[in-house]
2 protein chains.
Amino acid sequence: MDNLKDILNFDSNAKPTSFKKGTIIQRAGEITSLAYYVKKGLLRSYTIDDKGKEHVFMFASEGWIIADLESQEFNRPTELFIDCIENSEILIFDRKSVVNLNLSNEQLLDYNRLLTRRIAVLQKRVIMLMSASAQNRYNFFLEMYPDIPNRVPQRMIASYLGITPQALSTIRAKIVKKYSS
Amino acid sequence: MDNLKDILNFDSNAKPTSFKKGTIIQRAGEITSLAYYVKKGLLRSYTIDDKGKEHVFMFASEGWIIADLESQEFNRPTELFIDCIENSEILIFDRKSVVNLNLSNEQLLDYNRLLTRRIAVLQKRVIMLMSASAQNRYNFFLEMYPDIPNRVPQRMIASYLGITPQALSTIRAKIVKKYSS
DNA sequence: CCTGTGCATTCATCTAGATTAATAAATTCA
DNA sequence: TGAATTTATTAATCTAGATGAATGCACAGG
């Protein structure tokens, strides 16, 4: 069991909230302790910097959970927007209430493992951002999240990788050329 | 209580291991589930890329814990070196044994909070790497870890920020110039 | 069924930061 | 203590990827 839904005792009949593609669920500046479990569909979280440029922090497809742990942990207004890339069904829960769920030791250990895994993923991401070329980061992304590229516009993948859509386009052109020669 | 040592029931009289400055405690390629609690001194973890270049992943001073959660979580040989920037006293423990400690629910929740905090820090780091200039990253680093810069050589700070020592030197020169004009 | 708005791509140009190299200052250690 | 090895700094050049602009496409909404 490494599914947050099970760990947190979600009622499997709990009514998910439906959101249409494009809906912004959370806006930077809000103070919230909500988290979003994706039952169906695809969400993304992102910041907008002072030049108005978007930076995708993460994608969340079925079974994933998405939230701004950073601002929640330090009780600050969130810096992350969260919106729907597809029509989605979401279970919304309050992270504060997790303490009151009276989870078993086993569940807590599982929850723990999940958090550790998240740390592992972020560790990898930091190291990649520091040491790998855009080209390598893209290849790694394709391997790591093979289902995402087909569901997400290029510009968002570029943003996740920390490059411009133009740069990603060039990288892709190079790859095509390589395989057709 | 947000100190791993307390949470994990460390015997406060437990004998720490002493390491001399420069000692490499862990090498890339090893398979291990060890973690290092810094009782005194300063450690760092880093990768070495295929061009032989070091990339500092994190620093750990007193009270911090350092380990390669990524490779441990996925049972792969570690990619991180860990070494001592100062003479250090370290409590070594096996992350696998945490499950057997029979921690109370409260301790597990605390441990949870600690992991969440770590996620928060990494989230911030990823966003900074994607969206902020070297200049801004350096300023943020100084604010966030005011004690580290005095204990760590410039080149390692540069490496942590994802830039070359030369670039950091230039940034610092600019700052000095700004304040002296 | 159009029509407009956003998206992907290509190309020309620009720039933050890398690389290389040379010098001076600080540390290490025999 | 003094030679050898790191480290920090400055400056000249180079480059990955950014920026800006133009073109053709896709498709969302009237």
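Here is the naming used below: chain letters follow the sequence lines, and residue numbers restart at 1 for every chain. Worth knowing before you read on, the calculation uses all heavy atoms, side chains too, and leaves out hydrogens, waters and symmetry mates.
Results of the salt bridge (Lys or Arg N to Asp or Glu O under 4.0 Å) test with B:E86 over B:K20, B:R151, B:K21 single out B:R151 as the only residue that passes.
Here the P atom of nucleotide D:dT9 and the NZ atom of B:K174 are 14 Å apart, to the nearest Å. Summarising the geometry, the separation between CD1 on A:I171 and C1' on D:dA18 is reported as 13 Å, rounded to the nearest angstrom. With rounding to whole Å, A:L129 atom CG is found 18 Å from D:dA16 atom P. Here C:dT20 presents its P atom at 10 Å from NZ of B:K53, a figure rounded to the nearest Å. One interatomic measurement links the two molecules: CG of A:L168 to C1' of D:dG17, which rounds to 12 Å at whole-angstrom precision. Taking atom NZ on A:K20 and atom C1' on D:dG29, their separation rounds to 12 Å, with Å as the unit. B:I157 has its CD1 atom 12 Å from the C1' atom of D:dA8, to the nearest Å. Distance, A:I175 CD1 to C:dT9 C1': 15 Å, rounded to whole Å.
Contacts with DNA chain C (heavy atom under 4.0 Å) in residues 135-154 of chain A: A:P153, A:Q154, listed by number.
Looking at heavy-atom distances under 4.0 Å, B:G22 makes no contact with the nucleic acid at all. Within 4.0 Å of A:K51, counting heavy atoms only, lies no atom of the nucleic acid at all. Residue A:T170 is classed as having no contact, given no heavy-atom separation below 4.0 Å to the nucleic acid.
With contacts defined as side-chain heavy-atom distances shorter than 4.5 Å, the pair A:W64/A:L43 does not qualify. Counting only heavy atoms from C-beta outward, the side chains of B:I127 and A:F57 approach each other to under 4.5 Å.
Judged by a 6.0 Å distance limit and a 45° cone about the ring axis, B:R44 is not positioned over the six-membered ring of B:Y160.
Formation of a donor-acceptor pair under 3.5 Å by the A:S88 side chain with backbone atoms of A:L42 is found in this model.
Here the side chain of A:S169 is nearest to one of C:dT9, C:dA18, D:dG17, namely C:dT9. Distance from the side chain of B:I163 is smallest to C:dG17 among D:dT10, C:dG17, C:dT10.
To the nearest 0.5 Å, atom OG1 of residue B:T17 and atom CD1 of residue B:I92 are 4.0 Å apart. Atoms OH and CG, on B:Y111 and A:N112 in that order, are 6.0 Å from each other to the nearest 0.5 Å. A distance of 11.5 Å separates CG of B:L108 from CD of A:E106, quoted to the nearest 0.5 Å. A distance of 11.0 Å separates CE in A:M130 from CD in B:E54, rounded to the nearest 0.5 Å.
Residue-to-nucleotide contacts include a donor-acceptor pair under 3.5 Å from the side chain of B:Q166 to the base of C:dT20.
Position along DNA chain D of the nearest nucleotide to B:R155 versus B:A167 favours B:R155 as the more 5'-ward residue.
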Between N or O atoms, less than 3.5 Å apart, protein on one side and nucleotides 28-30 of chain C on the other: list the pairs.
unit_1	atom_1	unit_2	atom_2	d
C:dT28	OP1	B:K21	NZ	3.1

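Both B:F59 and B:L142 belong to a single network of hydrophobic side chains, linked directly or stepwise wherever heavy atoms of I, L, V, M, F, W or Y lie under 4.5 Å apart.
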